[in-house]
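To keep things clear, I will list the structure first and then write my remarks on it.
Every number for a ligand or one of its atoms is a count from 1 in the order of the listing. Values below: all heavy atoms of this structure, side chains included; hydrogens, waters and symmetry mates excluded.
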Amino acid sequence: MRDTDQQTPKDKGQRTTGNGQKITALAGGVGAAKFLLGLTRVMPPENLTIIANTGDDVEHFGLRISPDIDTVTYTLAGVINEATGWGLADDSFECLQWLARYDEATWFNLGDKDFATHIYRTNALKQGKTLSDVTRHISASLGVRSTILPMSDAYTPTRVQTDEGELHFQEYFVRRRCEPQVLEIRFDNIATAKPAHGVLAAIGDADAVVICPSNPFISISPILAVPGIRKALQQTAAQVIAITPIIAGQALKGPAADMLRDLGHEVSARGVAAMYQDFVNLFVLDEADAALQSSIAAFGMQVAVMNTLMKTLADKEQLARRVLALMA
Ligand code: GDP
């Protein structure tokens, strides 16, 4: 339970109801983007603020790449490559192939159009703009109506300590395809990082905060690790709702289940709920895991059980509608 706030879950989220609700979401990449797309189709997108993970940001070919911000932005702009969940639709890879001729490492896939985003970002940062400025300009230019905030303007790359030594998260994730065993995860420069402008207010002023179905270790933990953010979640009067990223003990994609195991957590939705128990007051559990309901409720959270598998656009909208209904 919250250590700083004595409100019961029932007291939370009662400030406004109906369509005027302000919602803030904590988001990683693909899992989050699916849910957020549904959400923006069933509520006014202007009322949604997204705090995006930048722990998996990387500098590659001299460019600053923000994969989770870009996945969310491209998805909400309707220009994402739907087959992969990242990158731009109808992109080509000529530039990458040409870089290979110069023996550049080409394990990190970047399409030709996608390069433009990273060139723009890198150049703007070099000219003194912040990552927040850059993110706002890119999303506005692509017609996104929700607000996307990086968790921080600081560069705080995730380092994964593995049985093969320490790797940048993208080396572990993309180059080594999540094969090494994970021993520890840390975020560079995190102790001195500040939440980006607007992040704490978005948590404090929201009617509800949603923790998207994202990897808890590499997408949500980096956001929580920015000094002040976890405390803001504990203290907000908003209802804080987490959607499980684990269904029937498995991740739909990526290393979340392996990381739960390797880092000594229970490999289940309950293992994720346990990580969030100090700030979440409502956990959305998949119907496949209905048997876990009472043991998750024992963490002091309400638990809602529903289908959380988002395969089609209709699934995304339905999950979003049902989560919104929990806030009403
Ligand atoms: P990444 O940055 O691409 O790894 O994306 P995220 O961090 O956003 O999330 C990956 C997590 O989202 C994994 O743990 C998946 O199991 C979860 N996920 C992906 N799609 C879905 C879905 O349709 N439903 C649920 N409940 N979780 C999902």
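Remark: minimum distance from atom 12 (O) of ligand 1 to any protein heavy atom is reached at P213 O, 3.0 Å. Ranking the protein heavy atoms by distance from atom 6 (P) of ligand 1 puts G29 N, 3.6 Å first. Closest to atom 26 (N) of ligand 1, if we only count protein heavy atoms, is T244 O, 2.8 Å. Protein heavy atom nearest atom 10 (C) of ligand 1, with residue, atom name and distance: N215 N, 4.0 Å. Distance from atom 24 (N) of ligand 1 to its nearest protein heavy atom, with residue and atom name: T308 O, 2.7 Å. Counting protein heavy atoms only, atom 5 (O) of ligand 1 is closest to V30 N, 3.2 Å. In terms of protein heavy atoms, atom 23 (O) of ligand 1 is closest to M310 N, 2.9 Å.
Ligand 1 is approached by I247 to a heavy-atom distance shorter than 4.0 Å. Not a single heavy atom of G254 sits less than 4.0 Å from an atom of ligand 1. Contact analysis leaves D286 out of contact with ligand 1, as no non-hydrogen atom separation drops below 4.0 angstrom.
Within the set G31, P245, P67, the minimum heavy-atom distance to atom 14 (O) of ligand 1 is found for P245. Considering only non-hydrogen atoms, atom 13 (C) of ligand 1 lies nearest to K253 out of K34, K253, M306, K316. Looking at L260, L285, L252 and measuring to atom 27 (N) of ligand 1, the nearest heavy atom belongs to L252.
Contacts of A256 with ligand 1, taken as heavy-atom pairs under 4.0 Å, involve the side chain alone.
Those atoms of ligand 1 with a heavy atom of S219 less than 4.0 angstrom away are 2 (O), 6 (P), 7 (O). Near A32, with a cut-off below 4.0 Å to any heavy atom, the atoms of ligand 1 are 8 (O). Atom numbering of ligand 1 starts at 1 in the shown order; those under 4.0 Å from a heavy atom of D68 are 2 (O). Those atoms of ligand 1 with a heavy atom of G28 less than 4.0 angstrom away are 8 (O).
To the nearest 0.5 Å, atoms OG1 (T40) and CD (E317) are separated by 8.5 Å.
Looking at heavy atoms from C-beta onward, L224 lies in side-chain contact with F279 at the 4.5 angstrom threshold. Counting only heavy atoms from C-beta outward, the side chains of F35 and M310 approach each other to under 4.5 Å. For the pair E82/T75, no side-chain contact is recorded, criterion being any heavy-atom separation below 4.5 Å from C-beta on.
Between the side chains of H137 and D133, not a single donor N or O lies within less than 3.5 Å of an accepting N or O. S92 and D112 are linked by a side-chain donor-acceptor pair at a separation below 3.5 angstrom, with hydrogens and angles left out of the test.
In this pair, H265 and F217 present their aromatic rings perpendicular. The plane angle is above 60°, beyond the 30 to 60° band. Ring pair W98/Y102 is perpendicular by interplanar angle, where above 60° counts as perpendicular and below 30° as parallel. Between F115 and F61, the angle of the ring planes lies from 30° to 60°, which puts this pair in the tilted group.
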